[in-house]
Number of protein chains: 2
Amino acid sequence: MSNPRPTLADVATSARVSVSTASLAFSGAGPIAAETRRRVLAAAEELGYSGPNPLGRQLRSGRSGIVGVIIGDALRRSFRDPVSVQTLDGLVSTLGPLGLGVLLVPGSTAPGTPAVDPLVESAAMDVAVIMWGGTAGDPVLAALRRRGTPTVLVEGAPVEGVAAIGIDDRAGIARLGAHLLELGHERIATVTLAFSHDRREGLADADRVAGIAWEITRRRLAGLGDAGITPVAIWETPASLVEHGTAAGRALLTSPEPPTAIIAQSDLLAAGVVLAARELGLRVPQDLSVAGFDGRDLPGLGPDVLTSVAQPLAEKGAAIGHAVEALLEGSMPLPQLLPVALRPGTTTGPPPQKRS
Amino acid sequence: MSNPRPTLADVATSARVSVSTASLAFSGAGPIAAETRRRVLAAAEELGYSGPNPLGRQLRSGRSGIVGVIIGDALRRSFRDPVSVQTLDGLVSTLGPLGLGVLLVPGSTAPGTPAVDPLVESAAMDVAVIMWGGTAGDPVLAALRRRGTPTVLVEGAPVEGVAAIGIDDRAGIARLGAHLLELGHERIATVTLAFSHDRREGLADADRVAGIAWEITRRRLAGLGDAGITPVAIWETPASLVEHGTAAGRALLTSPEPPTAIIAQSDLLAAGVVLAARELGLRVPQDLSVAGFDGRDLPGLGPDVLTSVAQPLAEKGAAIGHAVEALLEGSMPLPQLLPVALRPGTTTGPPPQKRS
DNA sequence: GTGACATGTCGAATCGATTCGATACCGCGA
DNA sequence: TCGCGGTATCGAATCGATTCGACATGTCAC
């Protein structure tokens with residue numbers, strides 16, 4: 001009973017037609033008599049043949065119907081951030097109706113390793129999507145280009161021949177900065193995303209800042225400059241997670257001259273900062289203003305609503321999906337920069353009175 | 001320059017060897033002179049040939065190297081639960097070194113729809129993993145069996161010919177129940193996971209309970225019975241999310257005779273219950289004991305540590321990975337029931353004094 | 001010197017489908 | 001009656017690799 005699975009040829013024989021006719025019966029691409037078709041289908045049913053083997057079809061068409069999504073070094077880390085998950089969800093929703101599947105591809109074999117996962121080199125994928133930009137001279141991107149796999153770079157630095165989708169985070173952060181300046185803040189610190197694969201944690205000096213490899217981190221930092229802000233402190237984190245925000249908050253708020261406002265590069269980090277502030281007995285926003293980025297509602301902050309910049313996650317996923325579609329059709333989609341919107345919450349307010 | 005990509009045949013011609021020899025040079029499966037090999041590789045380099053086309057290889061070997069992971073109806077919902085993410089992470093970590101990729105496959109085309117996603121029928125996958133059990137007579141499982149795709153069922157009811165991996169949640173819940181009984185609780189309510197695809201929210205009567213389709217929900221409920229508990233109320237939720245826990249908590253705690261303890265079938269739900277209790281001015285655990293399931297540490301509960309049952313997520317992922325491996329080798333892995341451990345926290349205590 | 005054996009290379013079959021061009025057959029109008 | 005156009009079917013080539021058996025060469029022992 002568990003014989004080698006029946007093939008189209010078996011079905012054709014059993015239905016007493018040629019393979020080509022049998023193929024027609026399934027694909028419907030070509031003229032076929034209703035009666036013949038019925039006979040083929042009946043034979044298939046009887047033999048337990050459940051449709052054409054995708055492998056054969058793929059070889060012929062040269063298409064695998066698979067979109068490789070390159071996530072960071074660890075699924076766990078990427079997916080603890082709801083931003084990743086929702087973007088991916090938007091992508092899957094767009095790709096599904098097109099009959100495309102999403103293959104999860106780790107970027108590097110192990111966290112911190114530059115070695116590219118073998119899947120990047122060898123998996124059958126029609127298009128690749130690099131979810132988190134990528135650093136300059138990214139080996140993953142290099143491998144994909146060598147293979148000739150059309151690629152969509154999300155939140156990355158523009159690269160010739162690679163489709164780009166991103167949000168206008170730089171302008172968003174600038175608006176956030178302007179908001180805080182209007183409120184009267186003068187001592188503003190910032191908590192950033194990871195600088196590079198080394199994922200250090202702590203205060204960053206000028207040298208460190210100059211060496212930022214992740215485009216997204218650099219760009220959001222630049223947004224502050226656009227607003228005319230020179231942060232009194234820049235704290236880099238290993239990843240966008242609440243606990244790293246808490247660590248940052250503790251450190252920044254216990255420094256000799258603590259900031260009156262902290263801009264975090266993500267909502268999770270901002271939530272962590274708020275928790276740290278509470279821990280230290282500071283009231284938000286009376287004693288400290290905190291702003292985040294992404295515009296998701298987080299549980300755990302109680303009644304507080306984080307001041308943030310909302311980015312359209314589902315739309316981003318859809319935009320990536322459309323870029324993939326375009327690449328499959330052989331055209332290069334235009335770079336897209338999706339708009340973001342300042343979303344004032346209850347965590348920002350005027351700075352505390354100077355105790356002069 | 002963007003000519004049709006070079007094939008192994010092109011490389012072979014250019015290196016003045018036969019295709020078979022060229023193949024050997026890449027695969028290393030067979031004797032080949034170092035010099036010949038060098039020449040082939042050089043020719044490949046020059047032509048811009050980046051290794052054998054996976055499609056061709058796959059057809060020949062009959063293997064795609066892809067494991068389809070069937071997630072619920074919405075990625076968003078599944079992945080907001082850290083339990084899913086961590087299990088998946090464990091799975092990817094185990095499969096990666098084996099050269100296997102994970103294809104994300106939505107179960108149904110749209111939430112609530114019984115229609116099976118076309119990917120289930122047509123994607124090239126060597127093995128399928130159904131992440132959340134599946135209901136009785138699951139159309140997805142039926143489709144996979146029809147295709148003859150070896151399948152691993154996670155947290156599901158045992159099915160002949162399908163590999164099963166799960167945790168001993170029933171015993172875990174029983175232990176949790178015993179713990180509460182020891183503390184002296186008599187009025188215990190429970191907040192469950194989804195009953196079926198209809199994902200209703202609210203109190204469940206006996207009829208409803210009898211019709212539970214999701215095995216995992218049924219089993220965890222049975223654990224209560226094992227402990228000798230007849231819940232004073234059973235609240236079903238659409239999904240394991242904090243907000244559904246909050247809704248459940250509000251309803252259960254404002255009922256005429258509120259429970260003194262609530263067992264939630266997941267930590268996220270339990271966290272929601274705790275938040276609802278706080279909202280209503282109840283102290284945890286003085287006025288209300290709350291227990292969850294999964295044993296993850298959640299941000300947002302402040303200093304409280306949820307009493308819970310810890311399940312080994314990374315191990316679960318690894319166990320699934322090994323089951324996949326076994327199926328690929330043609331053997332049927334033994335069903336596995338991973339052990340869980342009661343993890344007492346600060347959210348359970350003796351019931352409040354009776355106000356008699 | 002000859003047979004046994006290892007090594008390296010090649011030709012051809014094979015995996016399972018799709019697709020193009022050829023062929024057979026039909027009815028219909030000239 | 002012949003030829004034409006359209007429909008249904010078939011045969012064979014094709015996609016890009018792997019793999020088996022055959023063959024040629026070289027080495028070694030007897």
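Heavy-atom basis, side chains included; hydrogens, waters and symmetry copies ignored. Naming convention: chains lettered A, B, ... in sequence-line order (proteins, then strands); numbering from 1 in each chain. Keep in mind the model is a prediction, meaning the values are calculated, not measured.
Counting only heavy atoms from C-beta on, Ile32(B) has its side chain closest to dT9(C) among dT9(C), dT18(D), dT18(C). With dG11(D), dT18(D), dT9(D) as the choices, the nucleotide that has an atom nearest any side-chain atom of Thr36(A) turns out to be dT9(D). The side chain of Leu24(B) sits closest to dT19(D) out of dT19(D), dC10(D), dG16(C). For Ser20(A), the side-chain atoms get nearest to dA12(D) when compared with the rest of dA17(D), dA12(D), dA12(C). Of the candidate nucleotides dT18(C), dT9(D), dA17(D), dA17(D) has the atom lying nearest to any side-chain atom of Pro52(B). Side-chain atoms of Asn53(B) lie closest to dA17(D) of the nucleotides dC10(C), dA17(D), dG8(C).
For the 3.5 Å distance criterion, the side chains of Thr21(A) and Ser18(A) qualify, holding a donor opposite an acceptor.
Remark: Thr7(B) is not in phosphate contact with dG16(D), judged by side-chain N or O atoms under 4.0 Å from OP1 or OP2. For dT9(C), the OP1/OP2 oxygens have no side-chain nitrogen or oxygen of Thr21(B) closer than 4.0 Å. In terms of phosphate contacts, Ser23(A) brings a side-chain nitrogen or oxygen within less than 4.0 Å of OP1 or OP2 of dT18(C). At the phosphate of dG16(C), neither OP1 nor OP2 sits under 4.0 Å from any side-chain N or O atom of Tyr49(A).
Ionic pairing of Glu155(A) and Lys316(A) is present here: one or more N-O contacts between side-chain nitrogen and carboxylate oxygen are shorter than 4.0 angstrom.
Note that CD of Glu45(B) and OG of Ser50(B) are 10.5 Å apart. Values are rounded to the nearest 0.5 Å.
In this structure, the CZ atom of Arg38(B) is 16 Å from the P atom of dG8(C), given to the nearest Å.
Partner of Leu55(B) under the side-chain contact (heavy atoms from CB on, under 4.5 Å) criterion, out of Gln58(A), Arg60(A), Arg63(A): Gln58(A) alone.
Side-chain N/O atoms of Arg60(A) and base N/O atoms of dT14(D) include a donor-acceptor pair closer than 3.5 Å.
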